[in-house]
Asker: 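The following block contains the structure, expressed as structure tokens.
Note that these values count all heavy atoms, side chains included, but never hydrogens, waters or copies made by symmetry. All of these numbers come straight from a predicted model, not from anything done at the bench. For ligands, and for the atoms within them, numbers begin at 1 and follow the listed sequence.
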Amino acid sequence: MDMVLSAPKVLTGAGEWIPDGAVRVRDGLIAAVGDRASVIADAPGSVARFGFPRCTILPGLIDAHVHLAFDTGPEAQATAANTPDAVLGMRMAGRARRLLAAGVTTVRDLGDRDGLAIRLRDEIAEGTVAGPRIVAAGTPITITGGHCWQLGGEADGEVALRRAVRRLVRDGADLVKVMVTGGGITPDGPPPWRTQFTERELAVVVAEAARFGCPVAAHAHGVEGIELAVRAGVHSVEHASWLTEAGGRDLRLDVVADLAARGLWVCPTVSARWRSSRERLGAAEFEAYLDRLRTMRAHGVRMIAGTDAGVLGAPFESFVDGLEGFREAGFPVQEIIEMATARAAEALGIGDSTGRIATGMAADLLVVEGDPLAEISDLREVRMVIAAGRAYRPDPQADHDGVMPL
Ligand SMILES: [Zn+2]
């Protein structure tokens, strides 16, 4: 597909935008970006042109924490475990299309079973099915009976942990996900504040993954788990809820300083749920939640956007709701967009190929009506999505997974 898109504003990423700009897409890559007149002048007359006079073109969005295997229901984990592979695989493909229709052109899947997200990743990359690029962790590593054990990633002790990492590498995982603490969605599993692994065990996981060039993403709700994960040298901390055994929250500034100093990534998984949590938690608790996000930012922690899509209350079509949660906390809009594009790509280790609009990068683009820098909700006004050079329009007839190839 060879085409030129133009709009009054082109956000290239990393804080820059071009007025009256254009982007040329060819063979899946961005062939040119610049002012409209020169990009069009350089393209042969046969190249298809799409002008979007009231729109903004920006890099495709990146949801850095999803679970394509989960159905957003109360039994998401058991359902994923008990659904036949072929059926679950088709449902996952449908969820991938819903993300694409919402302008998401890359996701990091942080927990599937039996390599299903890895398989879907490859099918999308081949162009067999429509969907965002998937960076896949495969099955998360947990303790016997631990958080998300039903997905099949139980491993106890150093030998089993090394074996678990090697299996993931063998099966084609891009990174390793380790459940450092319990979580909310495993009935009878350890509570979210409780640490599942020792520091030594976490260090083994990190070291073994590093031998194969794999970063480690640490699921960590509890304060102690966050601290151990940081000390063990994980690449990213997911959730970072700062839970204590007593049921409270303790944002440990010494750990925050360590997170920032090591340049680790934090994905605080802000989903559409933040709206209902204002009522669920009460005004004071909700404000404290926003304040923890602000404090991490103020101390220089590198944060990225991700929704935990697939778990209860985190649908696949509501990435922008999560971004609005950061807005509610007072993050500048431009920074939020970077957390969902350029910065997320860097965190996922694919900053050289996506997350920005520059010549030679993958053609992952989003066209929205309006100006998201002025009004972040304009990111919902999707007019066209281009993923790896393939163009889609949202299908207005579809209630769920509708994107139509152009
Ligand atoms: Zn998750």
Asker: Between Asp63 and Arg108 (salt bridge meaning N to carboxylate O under 4.0 Å), is one present in this structure?
Answerer: no
Asker: Not counting sequence neighbours, which residues clear ring-ring contact (aromatic ring centres under 6.0 Å, His included) with His239? List them please.
Answerer: His65, His219, His221
Asker: Hey, are Arg97 and Glu317 close enough for a salt bridge, meaning a charged N less than 4.0 Å from a carboxylate O?
Answerer: no
Asker: Not counting sequence neighbours, list each pair that qualifies as a side-chain hydrogen bond (donor to acceptor under 3.5 Å, both in side chains) and has a residue in residues 23-33.
Answerer: Asp2-Arg24
Asker: Kindly indicate whether the side chain of Ile57, heavy atoms from C-beta on, has any atom under 4.5 Å from the side chain of Leu366.
Answerer: no
Asker: How about the Zn ion (ligand 1), which protein N, O or S atoms come within less than 2.8 Å?
Answerer: His65 NE2, His67 NE2, Asp308 OD1
Asker: Output side-chain donor-acceptor pairs under 3.5 Å for residues 283-295, partner residues at least two apart or in another chain, one line each.
Answerer:
| unit_1 | atom_1 | unit_2 | atom_2 | d |
| --- | --- | --- | --- | --- |
| Glu287 | OE2 | Arg294 | NH2 | 2.6 |
| Asp291 | OD1 | Arg294 | NE | 3.3 |
| Arg294 | NH1 | Ala329 | O | 3.0 |
| Thr295 | OG1 | Asp291 | O | 2.7 |

